[in-house]
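Report on one structure; see the data block that follows.
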Amino acid sequence: MGACIQQENDSSGERHEGIIVDIEKDTFGEIKYIVLSLPSVEDIDISGKSREELIGLAQENDGVFYHLSQEAYEELDLEIGKRIIGYYSAVGESNPPVLLTDKIEVISQ
């Protein structure tokens with residue numbers, strides 16, 4: 001077993017900053033929201049793109065998924081275009097990866 005390594009100034013583990021480009025409500029089992037985030041959209045036109053196209057952009061540009069409970073989603077008032085920081089402790093195996101987050105902060109719209 002490996003030791004858990006954390007950054008000195010952040011007790012929540014690793015962090016990923018990005019802009020929300022897609023949100024999908026998943027009602028299979030308990031209600032969850034699947035949030036797709038890209039690190040930057042400055043040189044990318046996301047308007048009018050399908051979910052599949054946005055996932056492709058995320059695969060090419062270090063994007064990530066977050067799975068959130070309905071409670072967390074509503075508390076954060078997330079919407080497309082908001083910049084967020086997700087603090088995570090594990091990465092799910094998918095492309096783009098799913099970050100298993102302990103905390104998300106909204107930093108701007």
Side-chain angles (χ1 to χ4, degrees):
M1 283 203 193
C4 180
I5 299 172
Q6 295 183 345
Q7 295 175 347
E8 286 181 26
N9 62 352
D10 180 7
S11 61
S12 300
E14 299 292 322
R15 62 181 285 219
H16 184 275
E17 184 175 330
I19 297 169
I20 297 172
V21 296
D22 187 66
I23 300 171
E24 181 177 81
K25 186 175 183 178
D26 177 11
T27 56
F28 184 75
E30 65 183 76
I31 296 175
K32 285 190 229 171
Y33 288 82
I34 302 168
V35 176
L36 180 61
S37 172
L38 289 173
S40 173
V41 292
E42 289 176 9
D43 299 324
I44 302 171
D45 179 17
I46 63 167
S47 61
K49 299 265 190 248
S50 69
R51 179 169 173 76
E52 291 74 27
E53 290 171 317
L54 291 170
I55 290 171
L57 287 171
Q59 291 168 336
E60 297 167 5
N61 296 284
D62 297 320
V64 298
F65 282 116
Y66 296 102
H67 289 197
L68 300 172
S69 68
Q70 181 171 357
E71 183 178 293
Y73 173 80
E74 290 173 355
E75 181 180 309
L76 291 166
D77 191 29
L78 298 179
E79 58 188 46
I80 292 172
K82 284 193 175 181
R83 180 170 285 281
I84 59 172
I85 297 175
Y87 298 92
Y88 62 96
S89 55
V91 179
E93 293 187 28
S94 68
N95 189 12
V98 175
L99 299 185
L100 306 176
T101 184
D102 301 319
K103 177 182 174 184
I104 289 181
E105 292 177 1
V106 176
I107 55 175
S108 72
Q109 293 200 78

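Quick caveat, the model's predicted, so the values are computed rather than measured. Position 1 is the first residue of the sequence, and the numbers go up from there.
- Using a 4.5 Å cut-off on side-chain heavy atoms (C-beta onward), His67 and Val98 make contact.
- Annotation: side chain of Leu36 is not in contact with side chain of Ile20 (no heavy-atom distance under 4.5 Å).
- From Glu14, atom CD reaches atom OG of Ser89 across 10.0 Å, with rounding to the nearest 0.5 Å.
- Using a distance-only test at 3.5 Å, with no hydrogens or angles considered, a donor-acceptor pair links the side chain of Thr101 to the main chain of Tyr87.
- Between Leu57 and Lys49, some side-chain heavy-atom pair lies under the 4.5 Å cut-off.
- Asp77 has a carboxylate O that lies under 4.0 Å from a charged side-chain N of Lys82, or vice versa, which qualifies the two as a salt bridge.
- A 4.5 Å side-chain heavy-atom check between Ile23 and Ile34 finds every atom pair outside the cut-off.
- Residues Leu78 and Val35 form a side-chain contact, since some pair of their non-hydrogen atoms from C-beta on lies under 4.5 Å apart.
- Between atom CG of residue Leu68 and atom CG of residue Leu76 there is a gap of 7.0 Å, rounded to the nearest 0.5 Å.
- Judged purely by atom type and a 3.5 angstrom limit, Asn61 has no side-chain atom pairing as donor or acceptor with the backbone of Gly63.
- Expressed to the nearest 0.5 Å, how far CD of Gln59 lies from CG of Leu54 amounts to 11.0 Å.
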Report the C-alpha distance between Tyr33 and Glu24 in whole Å, list the side-chain angles of each, state the deciding distance to 0.1 Å, and finish with yes or no for side chain to side chain contact (heavy atoms under 4.5 Å, CB included). CA-CA 6 Å; Tyr33 288 82; Glu24 181 177 81; over 6 Å; no

Criterion side chain to side chain contact (heavy atoms under 4.5 Å, CB included) on Ile84 and Ile107, from CA distance to verdict: CA-CA 6 Å; Ile84 59 172; Ile107 55 175; 5.9 Å; no

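- Looking only at side-chain heavy atoms (C-beta outward), His16 and Tyr88 come within less than 4.5 Å of each other.
- Taking the side chain as every heavy atom from C-beta outward, Val64 and Pro96 never approach each other to under 4.5 Å.
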List the steps and the verdict of salt bridge (charged side-chain N to carboxylate O under 4.0 Å, His left out) for Lys103 and Glu105. CA-CA 7 Å; Lys103 177 182 174 184; Glu105 292 177 1; 3.1 Å; yes

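- With a 4.5 Å cut-off on side-chain heavy atoms, Tyr66 and Ile104 count as touching.
- In this structure, CD in Glu75 is found 12.5 Å from CD in Gln70, a value given to the nearest 0.5 Å.
- From Asp22, atom CG reaches atom CD1 of Ile46 across 9.0 Å, with rounding to the nearest 0.5 Å.
- Separating the CD atom in Glu17 from the CD1 atom in Ile85 is a distance of 4.5 Å, to the nearest 0.5 Å.
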